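Below is one structure, written out as structure tokens; comments come after it.
All residue numbers in this chain count up from 1 along the given sequence. In this text, all values refer to a predicted model and were calculated from it rather than measured experimentally.
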Amino acid sequence: MATPGTLNASLLIRTFLRTYFVGAAFNTRGLQTVGLALAMEPGLTAIYPDPVELRHAWKRYMSVYNTHPLWTPFLVGVFLALESRIARKQFPEAMLEQVKSTVVFTLSAVGDSFFGSSLIGFWALSTACLLAAGLPVAAFLMAAALFLALNAFKLATFIMGYRQGFAALTRIKSWDLVNWARRLKVLNGALLVLLWAIVWPRETDALAWAGGVLMVLGLAYGAGRLRINREILVGAGIAAGLFFLWIRL
């Protein structure tokens with residue numbers, strides 16, 4: 001029976017690199033299942049040299065799998081650690097199924113909130129501010145730094161997931177990424193105001209400035225609190241802006 005030591009550095013590197021292709025075969029039946037199976041293939045083959053046991057292990061990765069791509073390296077690391085314990089009869093198979101049916105989708109929501117909206121919004125607004133201020137080199141350097149940081153995050157969480165296994169989930173929870181996402185959104189609001197200050201025509205009077213700010217705040221309130229359809233709000237905002245320009249002419 002294989003042990004965790006069977007997964008040497010070369011195999012783990014190959015596994016980590018395969019996680020970049022988790023969405024390459026996305027489909028409506030299993031979502032990211034094919035990509036997950038591709039990433040798990042080297043590790044499962046090493047952990048289960050017996051073909052019968054290997055086929056049985058593969059069945060655990062044929063169900064629906066879908067999460068934020070930045071969490072896949074971490075989850076693959078956790079899955080490999082759990083599979084090594086399952087192969088040695090230290091953990092029941094049901095433990096991995098519990099992780100797949102609960103944690104995967106929880107991390108998907110956290111990833112969408114922190115990475116998919118807050119962090120991407122921060123990058124976009126920061127880049128817009130830097131470009132509007134005439135600092136394209138700074139914008140490029142910031143994008144490069146974020147790119148490297150995200151890839152370092154993927155590698156670090158993959159290693160953490162493999163080394164700590166199920167215990168790594170508690171550590172991820174302690175990061176409190178949901179609240180960090182909220183803080184980033186507040187920062188994004190400040191960056192949006194800064195962008196307005198940079199690009200707003202200098203000849204615009206104070207009344208027009210105040211009206212624009214109040215309109216955007218109203219749109220945000222309508223979308224966030226009143227739950228009004230965003231497309232309707234955007235249309236209303238454009239119409240209000242055009243009406244304001246018309247009466248000013």
| Would you find a donor on one side and an acceptor on the other, under 3.5 Å apart, between the side chain of S113 and the backbone of A109? |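 Not at all, since once roles are kept as given, no pair shorter than 3.5 Å links the two residues.
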
| Donor-acceptor pair, side chain of R18 and main chain of L38, under 3.5 angstrom |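 Such a contact is found between R18 side chain and L38 backbone.
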
Can you check whether [X] reaches [Y] side chain to side chain, under 4.5 Å on heavy atoms?
X	Y	value
L119	L150	yes
W71	T106	no
L131	P136	yes
N66	V104	no
R60	I86	yes
M160	I172	yes
M142	T127	yes
Y65	L31	no

Could you tell me whether [X] atom [atom1] has more than 12 heavy atoms of other residues or ligands within 6.0 Å of it?
X	atom1	result
F147	CZ	no
K185	NZ	yes
F140	CZ	no

Minimum heavy-atom distance between [X] and [Y], given as atom pair plus value:
X	Y	answer
N27	A25	ND2-O, 3.1 Å
A181	S118	O-OG, 3.0 Å
F114	L177	CD1-O, 3.7 Å
A223	L233	N-CD1, 3.4 Å
E83	Y61	OE2-OH, 2.7 Å
A39	T15	O-CG2, 3.2 Å

According to a hydrophobic-cluster definition based on side-chain heavy atoms being under 4.5 Å apart (Ile, Leu, Val, Met, Phe, Trp, Tyr only), do [X] and [Y] belong together?
X	Y	value
I47	M62	yes
V234	L219	no
F122	W196	yes
L54	F79	yes
V22	V34	no

Kindly compute the distance separating [atom1] ([X]) from [atom2] ([Y]), expressed to the nearest 0.5 Å.
X	Y	atom1	atom2	value
L191	L184	CG	CG	9.5 Å
I120	N188	CD1	CG	11.0 Å
Y48	H56	OH	NE2	8.0 Å
E41	W58	CD	CH2	5.5 Å
L155	I159	CG	CD1	4.0 Å
L11	L80	CG	CG	8.0 Å

| message | So that I know where these two stand, are F115 and F153 an aromatic pair - ring centroids less than 6.0 Å apart? | response |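 Here the rings of F153 and F115 have centres that are less than 6.0 Å from each other.
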
| request: Cation-pi check, R183 to W180: give yes when NZ or CZ is under 6.0 Å from the six-membered ring centre and within 45° of the ring axis, no otherwise. | output: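 Yes - R183 lies over the ring of W180, closer than 6.0 Å to its centre and within 45° of its axis.
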
| field | Option from T19, T67, L169 for which side-chain contact (heavy atoms from CB on, under 4.5 Å) with F74 holds | value |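 For F74, the side-chain contact (heavy atoms from CB on, under 4.5 Å) test succeeds with only one of T19, T67, L169, which is L169.
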
| For F21, all residues meeting ring pair (Phe, Tyr, Trp, His ring centres under 6.0 Å), sequence neighbours excluded |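 Counting only residues at least two positions away or on another chain, F21 forms no ring pair (Phe, Tyr, Trp, His ring centres under 6.0 Å).
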
